Enquirer: 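Okay, handing you the structure first.
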Amino acid sequence: MSWVSDYKYTWTERLAMRTLRACGHIPHHVAFVMDGNRRFARSQQIDKIEGHSRGFAKLADCLRWCLDVGVREVTTFAFSIENFKRSSEEVEGLFNLAREKFARLLEETARLDEHGIRIRIIGNIELLPLDLQKLVASAMLSTERNGKLFLNVAFAYTSRDEITQAVETVLRHGCEDLAAEDISERLLEECLYTRHSPPPDLVFRTSGETRLSDFMMWQLSTSVLYFSNVLWPQITFWHFLASIVAYQRDRWQLEDFRRERRMESVQLAKTSGFYSERVQKFLAIIDEDRRKLLVRLAAN
Ligand code: FPP
Ligand code: MG
């Protein structure tokens with residue numbers, strides 16, 4: 001199964017997609033919390049890893065839908081740090097699935113290049129087994145020249161860990177150069193794994209759970225949240241479309257709040273000296289450091 005599926009639309013789906021594109025605003029960034037794989041597996045009497053594997057197939061469909069509808073950034077919650085607490089059999093099964101998929105990705109970079117897809121793993125990569133670290137780092141490096149659609153795979157991720165890592169980054173790299181007045185919301189935001197992404201416009205969680213489960217808690221304060229009872233491996237194009245319609249309906253309430261937030265954040269950045277040479281130098285160091293880490297992991 002490829003990362004972008006060859007989904008075949010029915011004519012009604014094509015018509016609905018065209019209408020949606022013509023009539024309303026398409027979210028720039030959509031995040032998926034792919035929940036319900038094991039319940040699906042139980043209901044079908046298949047192994048839970050097969051449930052996760054079917055979940056991956058749906059992710060490939062979703063990517064295709066996003067590309068065709070005009071979504072430009074997708075973030076997907078594939079493995080929470082909390083998932084390390086599951087049975088070793090399931091964790092190993094999920095890692096094997098990831099090994100298979102990232103190895104496949106490296107074989108089909110031409111296909112990703114054709115669609116302009118750039119893969120970024122957001123998460124604490126160093127918590128993963130070494131061979132998987134190498135695979136995900138290689139996947140990121142091999143698609144880094146693309147920029148039409150960004151796919152952020154949250155793997156070994158929780159928000160609390162992301163924020164903790166951000167503080168550590170400030171302390172580790174900023175200690176000598178930054179001043180206390182440089183520390184601002186904006187600066188911390190720049191130290192998150194999502195440093196180069198706008199916040200999601202829409203978050204879609206399946207399986208009837210209405211929690212965030214430590215997913216992008218910093219980034220979601222002005223996003224439309226959409227919950228559906230469908231189990232992730234059963235998601236269809238129509239569920240996806242329904243989430244976009246919900247976004248088109250609800251986004252107005254959030255737009256003003258977003259605008260205010262942006263202004264506040266720029267104001268804050270100005271008074272805290274965010275644009276100072278010190279800060280710019282610090283941010284350049286972070287980027288350089290992150291890339292060095294990827295190159296090192298990919299070479300291991
Ligand atoms: C949540 O369902 C799903 C996961 C913990 C794993 C999701 C992973 C994939 C779909 C594969 C992605 C792989 C790559 C390489 C991107 P659950 O296990 O919590 O199911 P439940 O809620 O029914 O118990
Ligand atoms: Mg679950």
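As the structure lists them, so they are numbered: ligands from 1, and atoms in each ligand from 1. Numbers here simply count residues along the sequence, with the first being 1. Keep in mind the model is a prediction, meaning the values are calculated, not measured.
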Enquirer: Taking heavy atoms and a distance under 4.0 Å, where does Arg86 meet ligand 1: side chain, backbone, both or neither?
Expert: side chain
Enquirer: Under 30°, 30 to 60°, or over 60°: which ring-plane class applies to Phe32 and Phe240, parallel, tilted or perpendicular?
Expert: tilted
Enquirer: Give a yes or no on whether a salt bridge exists between Arg111 and Asp6, defined as a side-chain N under 4.0 angstrom from a carboxylate O.
Expert: yes
Enquirer: Angle class for the Phe155/Phe95 ring planes (parallel below 30°, perpendicular above 60°, tilted otherwise)?
Expert: tilted
Enquirer: Does Gly36 come within less than 4.0 Å of ligand 1, judged by its heavy atoms?
Expert: yes
Enquirer: Do the ring planes of Tyr9 and Tyr7 sit parallel (below 30°), tilted (30 to 60°) or perpendicular (above 60°)?
Expert: perpendicular
Enquirer: With only distance considered, is Arg38 within less than 3.5 Å of ligand 1 through an N or O on each side?
Expert: yes
Enquirer: Under the ring-ring contact (aromatic ring centres under 6.0 Å, His included) definition, can you give me all pairs with a residue in residues 106-152, not counting sequence neighbours?
Expert: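 Residue pairs with at least one partner in residues 106-152: there are none.
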Enquirer: Pick whichever of Lys58, His52, Lys48 has a heavy atom sitting closest to atom 11 (C) of ligand 1.
Expert: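 The nearest heavy atom belongs to His52.
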Enquirer: Could you pull out the closest heavy-atom pair between Ser142 and Thr109, with the gap in Å?
Expert: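 Looking at all heavy atoms of both residues, the shortest contact is OG-CG2, 3.6 Å.
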Enquirer: By number and element, which atoms of ligand 1 are closer than 4.0 Å to a non-hydrogen atom of Ala78?
Expert: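 Counting from 1, the qualifying ligand atoms are 6 (C), 7 (C), 8 (C), 16 (C).
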Enquirer: Could you tell me which atoms of ligand 1, counted from 1 in the order shown, lie closer than 4.0 angstrom to a heavy atom of Arg39?
Expert: 21 (P), 22 (O), 23 (O)
Enquirer: Is it the case that ligand 1 has an N or O less than 3.5 angstrom from some N or O of Asn37?
Expert: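 N/O-N/O distance under 3.5 Å: yes.
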Enquirer: Just heavy atoms, cut-off under 4.0 Å: does Asn83 contact ligand 1 by side chain, backbone, both, or neither?
Expert: side chain
Enquirer: Distance alone, cut at 3.5 Å: any donor-acceptor contact between the side chains of Gln234 and His239?
Expert: no
Enquirer: Report yes if Asp35 has an N/O atom closer than 3.5 Å to an N/O atom of ligand 1; otherwise report no.
Expert: yes
Enquirer: Kindly identify the option in Glu100, Glu90, Met34, Lys101 whose heavy atom sits closest to atom 3 (C) of ligand 1.
Expert: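 That would be Met34.
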